[in-house]
Q: 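Please read through the structure below; I'll follow up with questions.
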Amino acid sequence: ACPEDPEHMERCRQIVADAAPDMRIASPISGWFDIMPQGVSKAAGLDVLLDALGITADEVVAFGDAENDLEILRKVRHSVAVANATDEVLATANYRVGAVTDEGVADALLEIARATRVGEMPAFLQ
């Protein structure tokens with residue numbers, strides 16, 4: 001983790017990028033970044049999960065709030081940003097729910113369960 005100073009954060013990212021050019025860097029939250037091999041992402045994991053379950057990306061709802069969610073949000077039709085997401089995630093996602101701190105995802109999951117029981121589309125996906 002790096003301090004909240006954006007310039008320091010960018011210097012930290014650059015140091016890692018220079019030292020490990022074959023790695024991918026993504027920032028899930030301000031002041032923090034993930035370092036992972038190229039090709040490793042939530043979206044890559046989704047492909048494995050879709051294969052294992054025999055479903056399509058159109059049958060999935062993906063929630064996101066930060067840079068490390070962008071790839072998976074671009075991959076599914078039902079992409080959802082939480083209210084406190086980064087501007088890029090808000091611009092990428094097709095739908096919105098409440099903030100994580102306000103139980104936005106939990107409320108959305110309860111709505112999915114309710115809508116499934118009665119054969120409806122969840123309200124936040126309309």
Side-chain angles (χ1 to χ4, degrees):
C2 289
E4 292 295 318
D5 173 8
E7 289 177 16
H8 188 206
M9 178 68 169
E10 189 52 40
R11 284 194 306 276
C12 290
R13 286 179 72 132
Q14 192 57 56
I15 290 167
V16 171
D18 291 345
D22 293 339
M23 301 300 274
R24 188 168 82 78
I25 301 169
S27 295
I29 58 173
S30 177
W32 189 270
F33 53 83
D34 295 337
I35 306 163
M36 61 205 90
Q38 293 290 341
V40 172
S41 68
K42 293 177 182 182
L46 175 64
D47 289 336
V48 173
L49 187 59
L50 294 175
D51 247 7
L53 296 174
I55 61 175
T56 69
D58 285 345
E59 298 173 87
V60 172
V61 176
F63 297 88
D65 65 350
E67 178 186 352
N68 64 337
D69 299 315
L70 289 169
E71 191 178 347
I72 196 168
L73 293 175
R74 290 181 182 121
K75 198 166 195 149
V76 302
R77 180 168 45 130
H78 303 299
S79 57
V80 183
V82 294
N84 59 310
T86 64
D87 290 343
E88 191 172 9
V89 168
L90 290 168
T92 300
N94 294 319
Y95 304 96
R96 310 277 180 283
V97 294
V100 171
T101 54
D102 295 332
E103 306 296 336
V105 174
D107 290 344
L109 293 174
L110 289 171
E111 171 57 13
I112 289 170
R114 182 210 62 79
T116 300
R117 279 193 307 273
V118 297
E120 297 175 359
M121 181 63 91
F124 68 93
L125 294 178
Q126 297 183 29

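For reference, positions follow the sequence shown, starting with 1.
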Q: Following the transitive rule for hydrophobic clusters with a side-chain heavy-atom cut-off under 4.5 Å over Ile, Leu, Val, Met, Phe, Trp and Tyr, establish whether Y95 and L109 coincide in one cluster.
A: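 Per the 4.5 Å side-chain linkage, Y95 and L109 are co-clustered.
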Q: Do you know the tightest heavy-atom contact between D22 and Q38?
A: O-CG, 3.1 Å
Q: What closest approach, in Å, do A93 and A81 show between heavy atoms, and which atom pair accounts for it?
A: CB-N, 3.4 Å
Q: Which heavy atom in A83 sits nearest to a heavy atom in A99, and how many Å separate them?
A: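 Looks like CB-N, 3.5 Å.
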Q: Could you grab the distance from atom CZ of R24 to atom CE of M36, nearest 0.5 Å is fine?
A: 4.5 Å
Q: Which heavy atom in E67 sits nearest to a heavy atom in V89, and how many Å separate them?
A: N-CG2, 4.4 Å
Q: Once rounded to the nearest 0.5 Å, what's the spacing between atom CG of N94 and atom CZ of R77?
A: 9.5 Å
Q: Which value, rounded to the nearest 0.5 Å, describes the distance between T92 atom OG1 and D69 atom CG?
A: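 Atom-to-atom, T92:OG1 and D69:CG are 10.5 Å apart.
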Q: Taking atom CG as the centre, does D87 end up with more than 12 heavy-atom neighbours from other residues, nucleotides or ligands that are less than 6.0 angstrom away?
A: no
Q: Short question: side chain of E59, backbone of T56 - any donor-acceptor pair under 3.5 Å?
A: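 Checking the backbone N and O of T56 against the side chain of E59, a donor-acceptor pair under 3.5 Å is found.
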Q: To the nearest 0.5 Å, what is the distance between CG (D34) and OG (S41)?
A: 11.5 Å
Q: Give the C-alpha distance, both sets of side-chain angles, the deciding distance and a yes or no for side-chain contact (heavy atoms from CB on, under 4.5 Å) between L125 and V80.
A: CA-CA 9 Å; L125 294 178; V80 183; 4.1 Å; yes
Q: Group every Ile, Leu, Val, Met, Phe, Trp and Tyr by side-chain heavy-atom contacts under 4.5 Å, then state whether V105 and V61 land in the same group.
A: yes
Q: So which atom in Q126 and which in M121 form the shortest heavy-atom distance, rounded to 0.1 Å?
A: NE2-O, 2.8 Å
Q: What verdict does the side-chain contact (heavy atoms from CB on, under 4.5 Å) test give for D107 and F124, after you've listed the backbone C-alpha separation in whole Å, the side-chain angles of each residue and the deciding distance to 0.1 Å?
A: CA-CA 10 Å; D107 290 344; F124 68 93; over 6 Å; no
Q: Just distance, no hydrogens or angles: give the donor-acceptor pairs under 3.5 Å from side chains in residues 110-119, sequence neighbours left out.
A:
{"residue": "E111", "atom": "OE1", "partner": "R114", "partner atom": "NE", "Å": "2.8"}
{"residue": "E111", "atom": "OE2", "partner": "R114", "partner atom": "NH2", "Å": "2.8"}
{"residue": "E111", "atom": "OE2", "partner": "A123", "partner atom": "N", "Å": "2.8"}
{"residue": "R114", "atom": "NH1", "partner": "E120", "partner atom": "OE1", "Å": "3.1"}
{"residue": "R114", "atom": "NH2", "partner": "E120", "partner atom": "OE1", "Å": "3.1"}
{"residue": "T116", "atom": "OG1", "partner": "I112", "partner atom": "O", "Å": "2.7"}

Q: May I have the list of side-chain donor-acceptor pairs in residues 45-52 shorter than 3.5 Å, sequence neighbours left out?
A:
{"residue": "D47", "atom": "OD1", "partner": "K75", "partner atom": "NZ", "Å": "3.0"}
{"residue": "D47", "atom": "OD2", "partner": "K75", "partner atom": "NZ", "Å": "2.9"}

Q: So, for R13 and F33, which heavy atoms are closest and what is the spacing to 0.1 Å?
A: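 In this case the closest contact between R13 and F33 is CG-CD2, 3.6 Å.
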Q: Mind running side-chain contact (heavy atoms from CB on, under 4.5 Å) on C12 and I15 for me, showing each step along the way?
A: CA-CA 5 Å; C12 290; I15 290 167; 5.6 Å; no
